[in-house]
Every structure is written in C-alpha cells, then in structure tokens.
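Within every chain, numbering begins at 1; the chains are lettered A, B, ... in the order of the sequence lines, protein sequences first and strands thereafter. None of the values given here were measured: they were computed from a predicted structure.
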2 protein chains.
Amino acid sequence: MTGKTINSFVKKRNILLILTYGVGMAGLIFLLKFIEYKYFIRDFTTEMYIGIVAILFTAVGVWVGSKLVKRKSAEKRAIDFEADAEQIKQLGISRREFEVLELIAKGLSNKEIGEKLFISIPTVKTHSSNLFVKLDVQRRTQAIQRARELKIIS
Amino acid sequence: MTGKTINSFVKKRNILLILTYGVGMAGLIFLLKFIEYKYFIRDFTTEMYIGIVAILFTAVGVWVGSKLVKRKSAEKRAIDFEADAEQIKQLGISRREFEVLELIAKGLSNKEIGEKLFISIPTVKTHSSNLFVKLDVQRRTQAIQRARELKIIS
DNA sequence: CTATTTTTGATACCAAAGTATGAGCTATTT
DNA sequence: AAATAGCTCATACTTTGGTATCAAAAATAG
C-alpha cells in the first residue's frame with residue numbers, strides 16, 4: 001500500500017500500453033504495404049496514398065491521445081486515494097475512530113452510529129471526541145470538512 | 001444561466017476548435033508539399049516520406065485527442081455546476097438559506113454563521129430549520145451530504 | 001399599490017453534541 | 001509479567017443544535 005508499490009504498478013501498465021500502441025502501429029503500416037503491393041499496385045497516386053496514411057494515423061493519434069489523458073486522470077485518482085492510509089496513520093487515528101468518522105460524514109447521529117457499530121452512545125462520543133482532537137477541530141461538521149481536505153474520506 | 005445558453009456556448013467553442021484543427025492540418029499538408037517540391041525533390045524515398053507523414057499526423061492526432069477529452073470533461077463539469085441553480089430553485093431554497101447552507105458545510109456553528117452574516121442566532125436557526133425541511137433531512141451533517149449529492153454545493 | 005415571499009427576530013423547550021473524568025477489559029508488545 | 005494502546009462504558013455537566021410558534025420589517029412580484 002506504499003507509494004512505491006503503486007508507482008511501479010503504474011509504470012508496468014504504461015509500458016504495456018506503449019507496446020500495444022507500437023504493435024498496433026506496425027500492424028497498420030504492414031496492412032498499408034500489403035494493400036499497396038498485393039491489390040492496387042500503384043493504382044493510387046502518391047498523393048492519395050499519403051492522404052490515406054495521414055487520415056489513418058491521425059485517427060490512431062486521436063485514440064492514443066484520449067487514452068493517455070484518461071489514463072493520466074485515473075492515475076491521479078489512484079494517487080489521491082492512496083494518500084488516505086498514510087494520513088490516517090500519521091494522525092494516529094485508530095480503526096474504530098475512522099469508522100465513526102465515516103458514519104459522521106454520512107450524516108448519522110451518535111445514536112445511529114452506536115446502533116450501527118453495536119456500541120453505546122458514550123463510546124461513540126469518546127471516539128468522536130478523540131477524533132476531533134486528532135483532526136484539530138471542535139465540531140463534527142468541521143471534522144467532515146477537514147477529513148475531506150486531508151483526503152481521508154471521499 | 002439556463003441550459004440552452006450554456007449549450008449554444010459550448011457548440012460555438014466546438015466549431016472554433018474544429019476549424020482550428022482543420023486549418024492546422026491543412027497547414028501541415030502544405031508544409032510537407034512545400035518541403036517535398038522546394039528542397040528535397042524526391043531525395044527521400046516514398047517509404048521515408050510516408051513514415052514522416054505517419055509520425056507527424058500521429059502527433060497531431062495525439063494532441064487533438066487529448067484536447068478533445070479535456071474539453072469533454074470541462075463541459076461535464078460546467079453542466080454539473082449548472083445543475084446547482086436549477087436544483088436550488090426547484091427545492092425552493094432561498095438566497096439566505098443557501099448562504100447558511102454553505103457556511104454549515106464549511107463547518108461553522110450557528111453562532112459563527114450569525115456573526116458572518118450579521119444576523120442573530122435565532123435567525124440562523126430559522127433558516128437552517130427551513131432548509132432541512134426543503135432538503136428533507138434532520139441534521140446539518142445530513143444536509144451537507146444531501147446537498148453534495150444534489151450538487152448544489154461542492 | 002397590494003399580495004406574497006423573504007428575511008429577520010424572540011421565546012421556550014427538548015434533543016443532540018461535546019467535554020471531562022474515571023475505570024474496566026483485551027490484545028499486543030517489551 | 002508489566003507496560004502500552006485500543007475499545008468499551010458510565011456519570012455529570014455544558015454547549016450547541018433543532019423544533020414550534022409567533023410576529024414584524026423588507027423586498028419583490030403582479
């Protein structure tokens with residue numbers, strides 16, 4: 001769950017992607033050569049031929065470009081999501097406290113949180129109170145805001 | 001601020017975009033022709049020439065593709081943002097109630113909201129209470145959650 | 001100009017949230 | 001075995017939040 005693990009994962013995926021594109025492009029060139037020599041044998045003028053190449057490779061480029069951008073934003077999201085666990089540990093937030101935080105952010109009352117986690121209201125209050133100290137806030141609404149800033153909840 | 005206004009705006013932008021790309025491509029083709037006839041005059045083999053065309057147009061395509069995707073997501077965001085005003089009116093949320101909602105979401109207490117808006121605590125309570133009815137919630141934490149779902153706040 | 005909505009405020013009361021303190025229990029680590 | 005950390009719960013108290021009801025300016029629409 002460390003940054004290095006995810007980074008190497010992303011690198012592997014990118015190498016695969018580039019390979020795929022490379023093979024695809026080579027295939028396209030081969031296809032063009034094949035068409036040129038086997039079927040039309042110079043029936044097309046050089047201009048037309050170049051036009052076809054330009055259109056085809058523009059299309060390939062558009063596809064690659066959109067893929068790359070989508071992948072980039074997906075990586076960004078992955079990195080954002082990863083920041084969570086680190087932050088939680090760094091702030092010393094315990095497992096139970098985090099569960100309470102999530103339910104607070106969902107808008108549950110202390111009573112509802114207690115029912116959902118099978119603990120008493122005083123216990124919920126203890127957890128939330130400790131949580132607020134660790135998040136350096138006074139109220140649960142602030143805790144929601146803060147936790148979202150720190151990306152420990154969505 | 002209506003949907004139609006934004007849609008026509010977006011259409012205009014897209015037409016401009018396509019024109020720009022078209023002119024750019026035409027310019028590239030012209031440049032290639034220019035190079036072909038004025039400088040190299042068949043010094044390059046057809047294969048090399050096609051290779052250059054393929055690489056250039058792939059690059060153009062990648063650029064166009066990424067631009068298109070970025071524009072698409074930007075439009076999506078604009079549409080999401082527009083949904084706000086509509087929803088707010090549909091729910092009958094008043095200007096002042098919305099201001100209170102925003103400050104609640106920022107984690108402010110009723111007292112702090114009152115100070116910021118220069119109104120008394122009872123007034124803040126009146127607004128928030130009416131707001132909760134319109135959002136169909138019981139607590140301010142739920143209101144935050146609900147308002148985010150409805151995209152009337154970020 | 002009048003009708004209506006919005007905004008403002010008060011009072012009273014109850015519910016929920018938050019703090020402080022203390023304490024028992026259970027793993028885990030040293 | 002002892003220390004540590006996390007989870008649990010209780011009691012008491014204070015603060016904040018939320019509802020209900022009423023009412024009066026102020027702004028806006030018709």
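Between E112(B) and K106(B), no side-chain nitrogen of the basic residue sits less than 4.0 Å from a carboxylate oxygen of the acidic one, so the salt-bridge criterion is not met.
Using a 4.0 Å heavy-atom distance criterion, S94(B) is classed as a sugar-phosphate-only contact. Nucleic acid contact for S120(A): sugar-phosphate only, since backbone atoms but no base atoms lie under 4.0 Å from a heavy atom of the residue.
Closest approach of I152(A) to F98(A), counting heavy atoms only: O-CE1, 3.3 Å. When every heavy atom of A143(A) is checked against every heavy atom of L101(A), the shortest pair comes out as O-CD1, 4.3 Å. The shortest heavy-atom contact between K116(B) and L103(B) is CD-CD2, 4.1 Å.
No donor-acceptor contact under 3.5 angstrom links the side chains of T126(A) and S129(A), judged on distance only. Between the side chains of N110(B) and R140(B), at least one donor-acceptor pair of N or O atoms lies under 3.5 Å.
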Task: B/S/- contact track for nucleotides 11-30 of chain D, protein heavy atom under 4.0 Å - done: B-----BBB-----------
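For DNA chain C, the outermost nucleotides in 5' to 3' order that have an atom under 4.0 Å from a heavy atom of chain A are dA17(C) to dT19(C).
More than 12 heavy atoms of other shown residues, nucleotides or ligands fall within 6.0 angstrom of atom CD in E115(B).
Panel note: side chain E97(B), backbone I93(B); no donor-acceptor pair is recorded below 3.5 Å.
E97(A) places its CD atom 8 Å from the C1' atom of dG6(D), with the value rounded to the nearest Å.
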